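All figures in this text were calculated on a predicted structure; none of them were measured in a lab.
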Amino acid sequence: MSVLLRSFSSTAAATAVAASIFSSSSSSSALSVAALLISCRSLRSLEQIHARIIRKGLEQHPVLATRFLSFCAAFSAPAYASSAFDRLSAPNLIVWNALLTAHARHSPLPTTVALFNLLRRRSPLPPDAFTFPSLLSSCSHSVALSLGSSVHATILRCGLEADVFVRTALIDFYGKCRELGAARKLFDSMRHRNEVSWTAMIVGYLSSGDLASARSLFDEMPKRNVVTWNAMIDGYVKSGDLVSARHFFDKMPERNAVSYTSLIDGYAKAGDLASARVLFEQLPERDVFSWSAMISGYAQNGQPGAALKIFLEMYNQNIKPDEFVVVGLMSACSQLGSLTLAKWVDLYVTRSSIDLSKAHVLAALIDMNSKCGNMERAASLFESMPNKDLISYCSLMQGYSLHGAGDKAVGLFRQMLEEGLMPDSITFTVVLAACSRAGLVEEGRQYFDLMTNEHLIVPSPDHYACMVDLLGRAGRLTDAYELIRSMPVEPHAGAWGALLGACRLHGDISLGETIARKLFEIEPTNAGNYVLLSNIYAVADRWADVSELRTMMRGKGIRKVPGYTWI
DNA sequence: GTAGGGTTAG
């Protein structure tokens, strides 16, 4: 669509095209509205044009109506398309097809199927070769094998299987449903194939992980386009073979933003932000997907500052964010933990046109508010969810736990169990940490037992670290030490650190020394451990030991980072 | 003689 919009961006070109669309017998007002429609660039201006269509009495014009519906599709407004369609007194098949396409691209599959059945009953003509490709594409996206197969049966009854578009859509459908045999049979028996048919078949192999078949078909095909090359790059990226992906990227005759973005995504997911950044800088025309790849790349690799910087660059260029951009942004903001920033981002996301009811957007929004300490907002967002999931429960629980309301977090966990949700390994980490912060020793032990005995979850080093912290804070240092020593898995620094913190809290010098020695081995450069032990000595007035420790630190070149608190 | 609707890559 954006290509279409760009090519028609000049008013002169738009008028010329509009003139060619409408014969001299049409009214000049229909022509001028058609010109407006063609240069329409936003849903807002589409609405204004729609008002004009109604005012001028052109609502029933079939060509204008069809164009209008395809613009609704381009601006992801299927409901708007339906409302305009419902005002048509006698829609023809072409208009029906345009409406179906708008829904196939943007509505859930059941809605699209219901519309298709309506079309079959109400359209003046039976479905044609233009009807099925978008319907099948919707089935492909949902991987709805049995539904798509029945659509295939209808296609056979209508005698439309030979049409290149229909056949290609069928190949794509069977390929995405991993029915490679059916797809290949349709592909091999085609009389005329185009690059799209070849690419659909290749994508089928790629999505089922058969890189070799995809590659041999790629080599066989007579003519490739940029989509074919990009499909191969994406296939290699998804299989983790960045070297081959890079090879194809370097070899392709011309690249577009998708080529770059797939590879940027690959590098970012592999943690190679440097390579991703180089490609991003080379990319001549960045679209929202390219920005999104960099922002979420930095966010997922624990570089929230860099993510924020890229976002600001995007923001200053007035590029409209999509849901992936804002999820990346919110994730970066969660990591930074700044309430001021979170409030700005919240307002920005709320005011944008992004659908907040989408599960991953809402989850990120709750998580950000939760981690940044805006618990009222996090809780009200959570309450607004009709179907609360594990992720949102965990976000809220973690927020309460982090901000000193461990009891509220535990209450939420009980509520979650009552609702019949199955806690997973991460949920238990969160609730155990909450118990530890709230000093709920017995409850924590119970949940640890529940996790291992009833949910059969093997405790991870994180779970043990929480339990050590729980026991340690409650002063049960011996129990904590026993637990850490009885662990079937190797304890990480977090577990030992929790115990060292507990030793300081309860002034246990000898155990503290033992633990500290262990920690100096595991993470010799963490200043926090030396500081903790030094505090233990200081409380006990053992100043000679304090000064000896400081000498040791100086000897190893370790300096306490000012303002850095060790949790 | 004529408009307008369709399939593949992130």
With the threshold set at under 4.0 Å for non-hydrogen atoms, list the residues of [range] touching DNA chain B in residue-number order.
range: residues 98-128 of chain A; result: A:Thr101, A:Arg105, A:Asp128
range: residues 151-168 of chain A; result: A:Asp163, A:Phe165, A:Thr168
range: residues 178-214 of chain A; result: A:Val196, A:Thr199, A:Val203

NA contact type, A:Thr261, heavy-atom cut-off 4.0 Å: base, sugar-phosphate, or nothing?
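Answer is base: heavy atoms of A:Thr261 come under 4.0 Å of a base.
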Checking all strands, does A:Ala293 fall into the base, sugar-phosphate, or nothing category for heavy-atom contacts under 4.0 angstrom?
nothing
What is the distance from [atom1] of [X] to [atom2] of [N], rounded to the nearest Å?
X: A:Met221; N: B:dT8; atom1: CE; atom2: P; value: 15 Å
X: A:Ile94; N: B:dA3; atom1: CD1; atom2: C1'; value: 8 Å
X: A:Phe68; N: B:dG4; atom1: CZ; atom2: P; value: 18 Å
X: A:Trp229; N: B:dA9; atom1: CH2; atom2: C1'; value: 14 Å
X: A:Tyr260; N: B:dA9; atom1: OH; atom2: C1'; value: 16 Å
X: A:Asn92; N: B:dG4; atom1: CG; atom2: C1'; value: 8 Å
X: A:Glu323; N: B:dG10; atom1: CD; atom2: P; value: 15 Å
X: A:Leu136; N: B:dG6; atom1: CG; atom2: P; value: 14 Å

Can you name the residues that form a salt bridge (charged side-chain N to carboxylate O under 4.0 Å, His left out) with A:Asp86, not counting sequence neighbours?
none
Hey, does the Lys NZ or Arg CZ of A:Lys388 hover above the aromatic six-ring of A:Phe382, less than 6.0 Å from the centre and inside 45° of the axis?
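Cation-pi check for A:Lys388 and A:Phe382: passes.
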Is a side-chain N or O of [X] found less than 3.5 angstrom from the main chain of [Y], in a donor-acceptor match?
X: A:Arg167; Y: A:Arg191; value: no
X: A:Thr131; Y: A:Asp128; value: yes
X: A:Ser275; Y: A:Asp272; value: no

Partner set under side-chain contact (heavy atoms from CB on, under 4.5 Å) for A:Asp265, not counting sequence neighbours
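A:Asp265: side-chain contact (heavy atoms from CB on, under 4.5 Å) contacts with A:Lys269, A:Ala293.
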Please evaluate the base of B:dA9 for a donor-acceptor partner in the side chain of A:Asn225 within a cut-off of under 3.5 Å?
no
Looking at A:Glu220 and A:Arg215, is there a salt bridge between them, counting it only when a charged N and a carboxylate O are closer than 4.0 Å?
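Result for this pair is no, no salt bridge flagged.
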Below 4.0 Å: OP1/OP2 of [N] and any side-chain N or O of [X]:
X: A:Ser137; N: B:dT8; value: yes
X: A:Lys176; N: B:dA9; value: yes
X: A:Lys238; N: B:dA9; value: no

Within a reach of under 6.0 Å around CG of A:Leu125, are more than 12 heavy atoms found that belong to other residues, nucleotides or ligands?
yes
Which pairs of donor and acceptor atoms, one on a side chain in residues 227-237 of chain A, lie under 3.5 Å apart (sequence neighbours left out)?
from: A:Thr228; atom 1: OG1; to: A:Thr199; atom 2: OG1; distance (Å): 3.0
from: A:Thr228; atom 1: OG1; to: A:Asn225; atom 2: N; distance (Å): 3.2
from: A:Thr228; atom 1: OG1; to: A:Asn225; atom 2: O; distance (Å): 3.3
from: A:Thr228; atom 1: OG1; to: A:Asn225; atom 2: OD1; distance (Å): 2.8
from: A:Asn230; atom 1: OD1; to: A:Ser259; atom 2: OG; distance (Å): 2.8
from: A:Asn230; atom 1: ND2; to: A:Val226; atom 2: O; distance (Å): 3.3
from: A:Asn230; atom 1: ND2; to: A:Asn256; atom 2: OD1; distance (Å): 3.1
from: A:Asp234; atom 1: OD1; to: A:Lys238; atom 2: NZ; distance (Å): 3.2
from: A:Asp234; atom 1: OD2; to: A:Lys238; atom 2: NZ; distance (Å): 2.8

With under 30° as parallel and over 60° as perpendicular, where do the rings of A:Tyr315 and A:Phe311 fit, or are they tilted in between?
tilted
Scan side-chain atoms only and decide if A:Thr168 and A:Asp172 contain a donor-acceptor pair under the 3.5 Å cut-off.
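Checked: A:Thr168/A:Asp172 side chains show no N/O donor-acceptor pair below 3.5 Å.
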Is any side-chain heavy atom of A:Tyr80 less than 4.5 Å from a side-chain heavy atom of A:Glu47?
yes
